[in-house]
Number of protein chains: 2
Amino acid sequence: MSAAPRWDPDFTPYVVNAMGPKTPPRAREILGCLIRHIHDFAREVELTPAEWMMGVEFINSIGAISTPIRNEGHRICDVIGLESLVDEIANKIVTEQGLSPTSNVILGPFWSPNAPFRALGDSIIQNPLPNGQVTYMHGVIKDMETGAPVVNAVLDIWQASANALYDFQDPEQTENNLRGKFRTNEKGEYYWYCYHPTAYSLPTDGPAGVLLNVMDRSPMRPAHIHLMITHPDYATIINQLYPSTDPHLDIDSVFAVKDDLVVEFKPKTDDPKATLDLEYNVTMALKKHHPNPNSAPPVSSFERSQKSKSSL
Amino acid sequence: MSAAPRWDPDFTPYVVNAMGPKTPPRAREILGCLIRHIHDFAREVELTPAEWMMGVEFINSIGAISTPIRNEGHRICDVIGLESLVDEIANKIVTEQGLSPTSNVILGPFWSPNAPFRALGDSIIQNPLPNGQVTYMHGVIKDMETGAPVVNAVLDIWQASANALYDFQDPEQTENNLRGKFRTNEKGEYYWYCYHPTAYSLPTDGPAGVLLNVMDRSPMRPAHIHLMITHPDYATIINQLYPSTDPHLDIDSVFAVKDDLVVEFKPKTDDPKATLDLEYNVTMALKKHHPNPNSAPPVSSFERSQKSKSSL
């Protein structure tokens, strides 16, 4: 849609072209496109001065509540689907033959670079909770094209505990509780003990809560287990695995559910250490298939060090 | 432009349609349009995760530096032309006969509701500065259609002093220095003494400075005199008047220059109280011609009370 003719058609080009010759080309491309879209948005909805000023105050409120351990700007982007979209743009793989590996989704703010390596068959549960449902999780990592096992892939798992809190957020949890790195064996297999995941709400005491409330949306995320799967030859895969029984699958507040990441937890009766069984198999694509083979995952610099900060 | 086909065409509608039934209709319209434009922007420039995270940190930095007396979100909007655009959408008047009154521009953050009424012929200069160039300013307010004088119009003038600071910003200035309200006489005339205006820079110690620097743009505003002209029967006009000799007319950092607001200061030799003469005439449109007859000017709640705050 274009502006109604009563508005100056030269205004937006004038603003965009005000950028000087020293503007880096990529900044010119990004900022020019962003300014055009913001102007088009204002004209399309005929944004009023009062509505604009509400938006100004909303933007100011995002940074006002953010801290080194709370990134509300990141959360607002999640709530409007932007992080999921940026992830898709950066990481979606479709070969010329139409092949895609297991879906990638957003990393979220709770990944840690410090998770310890553990041995296959170990448990990541350092601090058991009475209501935690121990799950034997296992599967095989295969090459998307050949079906060959991917040996020595590293699976980095992290999850909230049965109280819906990550170790960062909970003074009762020891560091790296419910975190761990595992290497696949010569058959491409992995197996460990973890918890059935627990659903939780985004924090609603800030602008994200205001926005979700205006949009009449739930702040809940479906329960999920995070995985990051890496291998020198293969494109990294970031996963969130959702129990098929979770009631929030269709209303994920950050739009990170994909069909192939919805999994079935089954009763397990042959193992005194677990009551549930989860089989989850992954296919990986060689790095050459990735649209940005050298791109790094979008690791937020924030919300990873709450524990260490709060213990100062 | 639409997304490349490798990206899910259903994603953006899914995010927009996540809004629940209790979303107010206008919020649904505004937020739906904004989300669509932000998504289209990300796809068009293929925004990378690293670029997105830079944007997140930039948004957070806006609110982090804002205070009750500094509204950086407002300033960022000015730098991308959004306040000027919102003003145009709200206030531009063109009749069916193609008539327009004197142009409206943005209010800016330094208007005060507390300017005192003064008598025609008075000076608004309470605290003279040696380099201030006293100007005899005068003119006539007329009806856009009939040319009849507009009697009892209120002209509210405010301006920075010769040191480029407003009374709010300068402990050496008394309250309402270089502010005043005047009523037109029975001929629609007004006249007073003020200063030739002085150019100044936006504050560059925050995100607006970062953004202007990336865009290789000047932070300067051309020198200007603010006017707000009100009358019960006529659409309010907000003006900024710019000396035609100002070197920043084409690079105003907030895009608020309009051709009919560029004025000529002339030498004045017949008045011991002034060295310059400024004639500025205005045409006003009846309220019925305004697209939003009951709209109020976009008065920021911030940056108007610095003086009272800082004197606590």
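So you know, we letter chains A, B, ... as the sequences are listed, proteins then strands, and number each from 1.
- Residue with the most contacts toward chain B among A:Ile59, A:Val16, A:Thr12, A:Leu34: A:Leu34 (heavy-atom pairs, distance under 4.5 Å).
- Taking CZ of B:Arg217 as the start and OG1 of A:Thr23 as the end, the distance is 9.5 Å to the nearest 0.5 Å.
- Listed here is the closest heavy atom pair of A:Cys77 and B:Trp52: SG-NE1, 3.2 Å.
- Between chain B and the residues A:Gly55, A:Pro21, A:Ser218, A:Pro24, the most heavy-atom pairs under 4.5 angstrom are made by A:Pro21.
- For the set A:Ile62, A:Leu85, A:Ile65, the entry with the most heavy-atom pairs within less than 4.5 Å of chain B is A:Leu85.
- Across every non-hydrogen atom of B:Val15 and A:Ile80, the tightest pair is CG1-O, 3.5 Å.
- Across A:Val79, A:Leu82, A:Leu212, A:Asn213, the residue that shares the most heavy-atom pairs under 4.5 angstrom with chain B is A:Leu82.
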**Asked** Does the side chain to side chain contact (heavy atoms under 4.5 Å, CB included) test come out yes or no for B:Asn71 and A:Glu57, once each step is laid out?
**Response** CA-CA 8 Å; B:Asn71 190 335; A:Glu57 303 305 354; 3.8 Å; yes

**Request:** Dump the intermediate steps for side chain to side chain contact (heavy atoms under 4.5 Å, CB included) on A:Thr48 and B:Val86, then the final yes or no.
**Result:** CA-CA 6 Å; A:Thr48 71; B:Val86 167; over 6 Å; no

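- Looking at B:Phe255, the atoms closer than 4.5 Å to chain A (heavy atoms on both sides) sit in the backbone and in the side chain alike.
- With a 4.5 Å cut-off on side-chain heavy atoms, B:Pro49 and A:Asp87 do not count as touching.
- Contact annotation for B:Leu211: only side-chain heavy atoms (C-beta onward) come within less than 4.5 Å of a heavy atom of chain A.
- Side-chain atoms of B:Asn60 do not come within 3.5 Å of backbone N or O of A:Ser66 as any donor-acceptor pair.
- Counting non-hydrogen atoms of neighbouring residues, nucleotides and ligands closer than 6.0 angstrom, the CG atom of B:Asp260 exceeds 12 such neighbours.
- The contact list for residues 97-105 of chain A toward chain B, using heavy atoms and a distance under 4.5 Å, is empty.
- The most heavy-atom pairs under 4.5 Å with chain A, out of B:Ser61, B:Ser84, B:Gly73, B:Ala42, come from B:Gly73.
- At least one side-chain heavy atom of A:Asp40 sits under 4.5 Å from a side-chain heavy atom of B:His37.
- Counting only heavy atoms from C-beta outward, the side chains of A:Ile89 and B:Arg43 approach each other to under 4.5 Å.
- Proximity to chain A among residues 26-33 of chain B is limited to B:Arg26, B:Ala27, B:Glu29, B:Ile30, B:Leu31, B:Cys33, judged by heavy-atom separations below 4.5 angstrom.
- Residues B:Asp8 and A:Glu88 are in side-chain contact: their nearest non-hydrogen atoms beyond the backbone lie under 4.5 Å apart.
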